Amino acid sequence: MKYSQLMTQTLREVPSDAEAISHRWALRAGLIRPLAAGIFSFLPLGLRVKQKIENILREEMAQANSHEISMPVVQPAEIWQETGRWNEIGNEMMRMKDRGDRDMCLAMTHEEAVTDLARHLIQSYRQLPLSVYQIQTKFRDEPRSRAGLIRVREFTMKDGYSFHVDQESLDEYYPKMYEAYERAFKRTGLGGSTIAVESDTGMMGGTEAHEFMYLNDGGEDTLLICEKCDYRANRQVATYTRETIGAEDAKPIEEVATPNCKTIEEVAAFLNVPATQTAKAVFFVGLTGGEEKFIFAVVRGDHELNETKLGNAVNAQELRPATDDEIRAAGAEPGYASPIGVQNATIIIDNAIAQGTNFVSGANKEGYHNLNVNTGRDFEADIITDLVAVAEGMPCPNCATNLGSTRGIEVGNIFKLGTNYSKGMNATVLDENGKAQLMIMGSYGIGVGRLLACIIEEHHDDNGIIWPISVAPFQVEIVVLTGKKPAGELEAAEKLYEALQAAGIDVLLDERDERPGVKFNDADLIGIPIRLTVGARGLANGQIEMKLRHESDRSDVALDGAIARVQDEVAKLINGLK
RNA sequence: CGGAGCGUGGCGCAGCUCGGUAGCGCACUAUCUUGGGGUGAUAGGGGUCGCUGGUUCAAAUCCAGUCGCUCCGACCA
């Protein structure tokens, strides 16, 4: 392609509100343009990168014996009603009516659509296992898009789905997809800095899930990582080794005045007890099946509550903090709350509270706490489970080593869905006994645009992007320098350009009438891995100059041998990504 | 949804406090100049100052409302 044909513009300045590195470079290099909040156009350079990424994903899906299909973006409400998600999912789903007043939506994922296909097309266990994928637009009306392509509303996702007759078959297939993902991230240049962690199954439901996280300080997820063993988990699901507590005998409950002691720190200091001996109450209103329910959660004073665990435990689609009025309506006093005597609430407590004894807890009375509060004797819990948000330094659940923490951006995930969708949509096959069985499903996603953004985060310097060759919009850029008295530079460059194309190399020819500095700066900015400079100076000696974007040295190359030399460098760069 | 900020030519910004001819840099067009790391000069084109309403002789500027965008938080496969 010739530079003059690119619909793009490199920018010297970016909107001051573009903060994320990948956002700034993507705008400055002319890869994308915003149209609305979280909605972008891809310009030629950006689209070429996106397509390169997609093709790598296609190749790796083929390795995992998954086959490409394409499903609609606009979907009828019916299939979403079958699985119940029409009501479960809130405003994140974009809904509309067609001319016949039928409820429709923009697909935010495709479990329903693919399950519908499967139930019509798969009748027998003999057809299983089967795996399909698509690379398709999704729309999620995010409450807050941000950071350029990292968090958007309209995006492209590679989403795959597998169908199995039994759990063993899924268990066998899942690691193959896991490996395909590892290969894909390696090939796109994120290999060294992307890890898989155990993750929440969230709105997808299911039994086991992993997220592939690109490690980045600006990431939205907190990850807990054990340096000793291989434990790695998203904070949403991370667990830890609980210390064994020598439970004392229950002592009689006793009310004490604790004026102006609303926080755990204040209470612990005032009563001179460790925070581990206090109980902290946290209040939420959970939405389950369209019904609001007051939730009274209790964790130990030194612990933080994990809302994901709480939401899963009470089976809530949405959680919001309760207001002071709602807390009082349930019979508790904000700042001095106790589960004792609370009405119309789901009381859910962490294991540490259930196992320990003689906690300090509020007295549901302004300025008073109770000593020696005990589960079972003084109040009954509706649910006892793990509610702790694991923090850095807590002991690893496998080996008790102190956990480290880091931030990451989710670029992909894999889920064992089980029968979550086949059940609601009655997707069955006959097994070898002629008996109908719900299909067991897995789902596998990768956000293509987000992956592109992460690649920029990983590969750039002060002058611009440094594309890994596998996803670079072009493998080679030829910069022609024509002086006032052209001496055949342009002709030589065009000849080289055509020869490289004939050799199967992706080439960009910058033939614009611009000064050298402009062309060099643009070349650095858009980040093509191999730059060839054709100028009168070298041409007189039958030479051109070659420079790799990630290196600072330049070298002269004989024009005759240039093609072979470029092919050599391309091969080397690709090998570097394996 | 809570907090903060911003909407003035394609981009970056000034002007607003104290109402009175809409400005600067980049980009764009033309001519000249320069020609291996964002040359220099001259002359141009391009803006309902987000929108609506109000105050006023007069509104980019003051007031109210509204829409949009960004950042922090909540939220989120």
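Everything numeric in this text was worked out from a predicted model, so none of it was measured. A note on names: the letters A, B, ... follow the listed sequences, proteins ahead of strands, and every chain is numbered from 1.
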Base, sugar-phosphate alone, or nothing: which one does A:E489 contact when heavy atoms must sit under 4.0 Å apart? nothing
Partner of A:L500 under side-chain contact (heavy atoms from CB on, under 4.5 Å), chosen from A:L509, A:V507, A:I530: A:V507
Looking only at the side chains, is there a donor atom on one of A:S162 and A:Y444 sitting less than 3.5 Å from an acceptor on the other? yes
Look at the side chain of A:E514 against the base of B:G38 and say whether a donor-acceptor pair falls under 3.5 Å; ignore hydrogens and angles. no
Rounding to the closest angstrom, what is the interatomic distance between B:A59 and B:U8 at atom C1'? 14 Å
Closer to the 5' end of RNA chain B via nearest nucleotide, is it A:D159 or A:A37? A:A37
Atom-pair distance (CG on A:N521; C1' on B:U39), nearest Å: 13 Å
Between B:G7 and B:U61, how many Å separate the two P atoms, rounded to a whole number? 12 Å
Could you tell me whether the side chains of A:N413 and A:E211 share a donor-acceptor contact shorter than 3.5 Å? no
Can you tell me the distance, in whole Å, between the CD atom of A:E220 and the C1' atom of B:C72? 13 Å
Nearest-Å distance once atom C1' is located in both B:G38 and B:G45: 23 Å
At 4.0 Å (heavy atoms only), tell me whether A:R450 reaches a base, stays on the sugar-phosphate, or touches nothing. nothing
What do you reckon, are the aromatic ring centroids of A:Y174 and A:H210 less than 6.0 Å apart? yes
Would you kindly give the CG-to-P distance between A:L35 and B:U70, to the nearest whole Å? 12 Å
A:R144 CZ to B:G2 C1', straight-line distance once rounded to whole Å: 12 Å
Quick one, give me the B/S/- string for nucleotides 3-14 of chain B, reading 5' to 3', where B means a protein heavy atom under 4.0 Å from the base and S means that only happens at the primed atoms, P, OP1 or OP2. --------SSS-
Of B:G37, B:C75, B:G38, the nucleotide closest to the side chain of A:R531 is B:G37
Verify whether one side chain among A:D141 and A:N91 offers a donor that lies under 3.5 Å from an acceptor in the other. no
Say you pick atom C1' in B:A58 and the same atom in B:G54; how far apart are they, in whole Å? 15 Å
Please work out if A:A147 contacts a base, only the sugar-phosphate, or nothing of the nucleic acid, heavy-atom cut-off 4.0 Å. sugar-phosphate
Any base atoms under 4.0 Å from A:T308, or only sugar-phosphate, or nothing? Heavy atoms, all strands. nothing
Name the pairing partner of B:G73, where a pair is Watson-Crick or G-U wobble with both distances under 3.5 Å, or state none. B:C1
On a whole-Å scale, what distance lies between the C1' atoms belonging to B:A14 and B:A74? 36 Å
A:S443 and A:Y161: which non-hydrogen atoms are nearest, and at how many Å? CB-CD2, 3.8 Å
Which base sits across from B:C6 as a Watson-Crick or G-U pair, both distances under 3.5 Å? B:G68
Short side-chain N/O contact to B:U70 OP1/OP2 from A:R146, under 4.0 Å: no
Provide the Watson-Crick or G-U wobble partner of B:A27, both distances under 3.5 Å; none if there is no partner. none
Should the side chain of A:R515 and the base of B:G36 be counted as holding a donor-acceptor pair, with the cut-off at 3.5 Å? no
For A:I478 and B:G36, give me the distance from atom CD1 to atom P, rounded to whole Å. 19 Å
Candidates B:G73, B:G38, B:G37 - which lies nearest the side chain of A:L525: B:G38
Checking contacts here: which listed nucleotide (B:A74, B:G37, B:G38) is nearest the side-chain heavy atoms of A:R554? B:G37
State yes or no: are the ring centers of A:H164 and A:Y173 separated by less than 6.0 Å? yes
Mind checking whether A:Y181 and A:F212 have parallel, tilted or perpendicular rings, split at 30° and 60°? tilted
Can you check the A:L27 CG to B:C69 P distance for me, whole Å? 15 Å
Categorize A:D513 for me: base, sugar-phosphate, or nothing, with a 4.0 angstrom heavy-atom threshold over every strand shown. base
Taking the P atom of each, how far is B:G20 from B:G15, in whole Å? 14 Å
Would the base of B:G35 count as contacting A:R512 through its side chain, where contact means a donor and an acceptor less than 3.5 Å apart? no
A:E154, A:R95, A:K138, A:M96 screened by side-chain contact (heavy atoms from CB on, under 4.5 Å) with A:L106, the one that passes: A:M96
Integer angstrom distance from the C1' of B:G25 to that of B:C62: 30 Å
Describe the nucleic acid contact of A:G445 in one word from base, sugar-phosphate, nothing, applying a heavy-atom distance below 4.0 Å. nothing
Tell me the partner of B:C62, counting only Watson-Crick (N1-N3 plus N6-O4 or O6-N4) or G-U wobble (N1-O2 and O6-N3) with both under 3.5 Å; none if nothing fits. B:G54
Identify which nucleotide among B:C75, B:G36, B:C71 has an atom closest to any side-chain atom of A:P143, counting heavy atoms from C-beta outward. B:C75
Say we look at B:G23 and B:G40: how far apart would their C1' atoms be, to the nearest angstrom? 23 Å
Roughly, in whole Å, what's the span from CG in A:L481 to P in B:G37? 9 Å
May I have the distance from A:E142 (atom CD) to B:C69 (atom P), rounded to whole angstrom? 14 Å
Does a donor on one side chain sit under 3.5 Å from an acceptor on the other, for A:T533 and A:K547? no
If you assign each of A:R12 and A:F284 to its closest nucleotide in RNA chain B, which residue comes earlier from the 5' end? A:R12
